[in-house]
Amino acid sequence: MRKPGRRITKDSSTAADGLRPEASPSAAGRPRRVDIGRFPPSRRLVIAGERAGRRMAAMHSLVDLDVTTARRLIAASGRAVSFTAFVVASVARAAAAHPHTHAYRNWRGRLVRHGHVDVTTLVEVTTGQGLFALPHVLRDADARDVRALTVELRTAKGDYTRTRTGRMLDRFGSTLTRVPGLVPAMYAVLARSVRLRQLTGTVAVTAVGMFGAGGGFGIAPPALMPLQVVVGGVTERPRVVDGRIEVREVLDLTVTFDHNVIDGAPAARFVAELRRLIEDAEVLHASDGTPERRSDHSG
């Protein structure tokens, strides 16, 4: 049995397996090796979080939204507003208008609804264990300015140790993964405890589309949150505007609900509200101090 962390080179691997590699003219001079290293403890936390969502009856909604107005306003603001913060604020306001979308059941099986919206989003940071998608909670995101959310997200990315979850990751992350069963037990408590939900939030927004060009929907595995939104890519597509076909910027968005606590009709009403907020860029109009108004799109 090979010891963990041992590097297996071309010679040692073929000798151990009794095989002889075939010559490859196109790879002449390139060494062949396989590196075996320690599995990052931070990934064990991610795996445990995904397993915690197995009790969720996931119901997905794939929607494409016209974000031409929003992108124009964000570009005009310079770096004052990020697209991720805009989506977070819009999702939070839609969830506040439809609190049943992020409801969940407590230890006694009773339905819990929050009168505020704390959104957990992932911020890619560099830690001692390498790159890690750090969960960061944006508290009262339904009532905050988009610029303030932008500043908080950039601060968390610039120095993750200034966040609660970042400090916990550094202090307890490695220890948690060494004790068998401890992380799953922690997530089991988080799933039902109203008090701990005050710390972790009930809505998740993941911006996978921000790391690459092109459109496409991202469907994340269910986790703790009863309402999850995955931000996909933005592409130019033809849309009907005032009876004319125009090229617009369109965002692919995946919204996942817990079918255990919500049915299709109220979920559809939430999506309709979210569409209005994003396509009208309502939170951006509110942020710049101007009256909220309709966007220049229709249809």
Thr256 side chain to His60 side chain, donor-acceptor N/O pair below 3.5 angstrom: yes

Report the distance from atom CZ of Arg71 to atom CZ of Arg248, rounding to the nearest 0.5 Å. 12.5 Å

Begin from the C-alpha positions of Arg93 and Glu273 and carry the test side-chain contact (heavy atoms from CB on, under 4.5 Å) through to its verdict. CA-CA 9 Å; Arg93 282 161 173 74; Glu273 174 72 4; over 6 Å; no

Quick one: does Phe217's side chain get under 4.5 Å of Val230's, heavy atoms only? no

Please say yes or no: joined through hydrophobic side-chain contacts below 4.5 Å, possibly via intermediate residues, are Leu122 and Val151 part of one cluster? no

So His100 and His98, would you call those rings parallel, tilted or perpendicular, with 30° and 60° as cut-offs? perpendicular

Output for pair (Leu138 CG, Asp118 CG), nearest 0.5 Å, gives 9.0 Å

What I'd like to find out is whether the side chain of Thr206 reaches to under 4.5 Å of the side chain of Val231, using heavy atoms alone. no

Closest contact, heavy atoms only, Ala85 versus Thr150: CB-OG1, 3.3 Å

I need the minimum non-hydrogen distance between Gly218 and Thr254, along with the two atoms involved. O-OG1, 3.0 Å

Check whether any side-chain N or O of Asp140 sits under 3.5 Å from a backbone N or O of Ala143 as a donor-acceptor pair, and report yes or no. no

Close side-chain approach of Asp252 and Leu62, heavy atoms under 4.5 Å: no

Close side-chain approach of Val255 to Phe257, heavy-atom, < 4.5 Å: yes

Taking the six-membered ring for Trp, are the ring centroids of Tyr104 and His114 within less than 6.0 Å of each other? yes

In this structure, CG of Leu65 is separated from CG of Leu274 (nearest 0.5 Å) by 6.5 Å

Applying side-chain contact (heavy atoms from CB on, under 4.5 Å) to Val146 and Leu284, what does each step give before you reach the verdict? CA-CA 7 Å; Val146 184; Leu284 294 177; 4.3 Å; yes

Nearest atoms (heavy-atom pairs only) where Asp66 meets Arg239: N-NH2, 4.0 Å

Considering residues at least two apart in sequence or located in another chain, which fulfil the side chain to side chain contact (heavy atoms under 4.5 Å, CB included) criterion with Arg79? Arg154

Determine, for Arg276 against Glu282, whether the closest basic-nitrogen to carboxylate-oxygen distance falls under 4.0 angstrom. yes

How about Ile245: does its CD1 atom have over 12 heavy atoms from other parts shown lying under 6.0 Å from it? no

Output, in order, the C-alpha distance, side-chain angles, deciding distance and verdict of side-chain contact (heavy atoms from CB on, under 4.5 Å) for Leu149 and Arg147. CA-CA 5 Å; Leu149 296 175; Arg147 285 183 172 86; over 6 Å; no

Scanning both residues in full, the closest heavy-atom pair of Ala70 with Ile278 reads CB-O, 4.3 Å

Same apolar cluster: Val250 and Val63, side chain cutoff 4.5 Å: no

salt_bridge(Asp64, Arg237) N-O dist < 4.0 Å: yes

Can you check whether Val119 reaches Val137 side chain to side chain, under 4.5 Å on heavy atoms? no

Look up atom OG1 in Thr68 and atom CD in Glu246, then write down how far apart they are to the nearest 0.5 Å. 8.5 Å

Between Arg105 and Asp258, does any NZ, NE, NH1 or NH2 come within less than 4.0 Å of an OD or OE carboxylate oxygen? no

Take Thr202 and Leu227 through the side-chain contact (heavy atoms from CB on, under 4.5 Å) test and state the conclusion after the steps. CA-CA 7 Å; Thr202 55; Leu227 174 60; over 6 Å; no

Taking the side chain as every heavy atom from C-beta outward, state whether Thr69 and Asp280 have any pair of such atoms under 4.5 Å apart. no

Please give me the minimum heavy-atom distance between Ser61 and Val271, naming the atom from each residue. OG-CG2, 3.8 Å

Between Pro226 and Thr101, is there a side-chain heavy-atom distance shorter than 4.5 Å? no

Ala96 versus Asp142, closest heavy-atom pair with distance: CB-OD2, 3.7 Å

OG of Ser82 to CD of Glu152, rounded to nearest 0.5 Å, is 11.0 Å

So, applying side chain to side chain contact (heavy atoms under 4.5 Å, CB included) with Met225, which one of Val203, Thr120, Val205 is it? Thr120

